[in-house]
Amino acid sequence: MNAELEFGKMGEESAASFLCGKGFTIIGRNVRLSHTETDIIAKNEKFIIFAEVKTRRAYPNIMTKSPRPATAVNFSKQKKLIEGAKKYLAKYKDVCMGLQPRIDVIEVYASPDSEKYKVLKIVHMENAVRQTR
């Protein structure tokens with residue numbers, strides 16, 4: 001596995017641990033349905049969430065002028081996330097029954113030191129992607 005893919009997987013692992021710490025149970029990782037993929041699917045007693053994880057090597061600031069990782073979740077990606085969530089909800093009705101679906105974006109900021117992976121900050125944006133009519 002190349003270094004960037006491994007870095008992204010570590011970010012997803014950090015996001016999954018973060019969600020578990022918030023009381024969620026992970027029920028799926030890298031779930032592929034048709035031509036869509038969801039990084040993490042998790043649930044608690046109220047919600048089923050479909051989370052897109054974006055991992056970067058440093059926290060954006062005024063000096064670097066780096067965009068936030070969530071900006072990578074553009075309109076096209078949002079459509080795919082919505083499509084993936086709909087397909088999952090239709091296929092696994094029993095798992096989702098009584099739960100409110102939500103699409104979240106989780107930003108994971110890790111140390112810029114490429115030798116070591118250390119989480120600096122996690123930003124969880126709840127209900128970040130919403131279907132428009």
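What you see is a predicted model, and the numbers here were worked out from it, not measured in a lab.
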Taking only distance into account, with no hydrogens and no angle test, what donor-acceptor pairs under 3.5 Å do side-chain atoms of residues 75-83 form with protein atoms, sequence neighbours excluded?
from  : atom 1 : to    : atom 2 : distance (Å)
Gln78 : NE2    : Val73 : O      : 3.1
Glu83 : OE2    : His35 : NE2    : 3.4
Glu83 : OE2    : Lys87 : NZ     : 3.1

Interatomic spacing from [atom1] in [X] to [atom2] in [Y] - rounded to 0.5 Å:
X	Y	atom1	atom2	value
Thr38	Ile103	OG1	CD1	8.0 Å
Ile48	Phe24	CD1	CZ	10.5 Å
Tyr109	Thr55	OH	OG1	10.0 Å

Lys/Arg-Asp/Glu bridge criterion (N-O < 4.0 Å) met for Glu4, Lys9: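 So Glu4 does not pair with Lys9 through a salt bridge.
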Whether Arg29 and Glu13 form a salt bridge (side-chain N of Lys/Arg under 4.0 Å from carboxylate O of Asp/Glu) is what I want to check.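 Yes, Glu13 and Arg29 are salt-bridged.
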side-chain hydrogen bond (donor to acceptor under 3.5 Å, both in side chains): which pairs involve residues 42-52, sequence neighbours left out?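 Only Glu52-Lys54 qualify under side-chain hydrogen bond (donor to acceptor under 3.5 Å, both in side chains).
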Listed by chain and number, what are the side-chain hydrogen bond (donor to acceptor under 3.5 Å, both in side chains) partners of Ser14, not counting sequence neighbours?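 In terms of side-chain hydrogen bond (donor to acceptor under 3.5 Å, both in side chains), with neighbours along the sequence ignored, Ser14 is linked to Tyr117.
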Tell me every residue that passes side-chain contact (heavy atoms from CB on, under 4.5 Å) with Ala15, counting only those two or more places apart in sequence or in another chain.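 In terms of side-chain contact (heavy atoms from CB on, under 4.5 Å), with neighbours along the sequence ignored, Ala15 is linked to Ile40, Val53, Ile106, Val108.
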My understanding is that only residues two or more places apart in sequence, or in another chain, count here; which of them pass ring-ring contact (aromatic ring centres under 6.0 Å, His included) with Tyr92?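 Only Tyr88 meet the ring-ring contact (aromatic ring centres under 6.0 Å, His included) criterion with Tyr92.
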Side-chain donor-acceptor pairs under 3.5 Å in residues 94-102, sequence neighbours left out?
from   : atom 1 : to     : atom 2 : distance (Å)
Arg102 : NE     : Asp104 : OD1    : 2.9
Arg102 : NE     : Asp104 : OD2    : 3.2
Arg102 : NH2    : Asp104 : OD2    : 2.9

Hey, could you give me each pair passing salt bridge (Lys or Arg N to Asp or Glu O under 4.0 Å) that has a residue in residues 17-27? Not counting sequence neighbours.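 Qualifying pairs: Lys22-Glu126.
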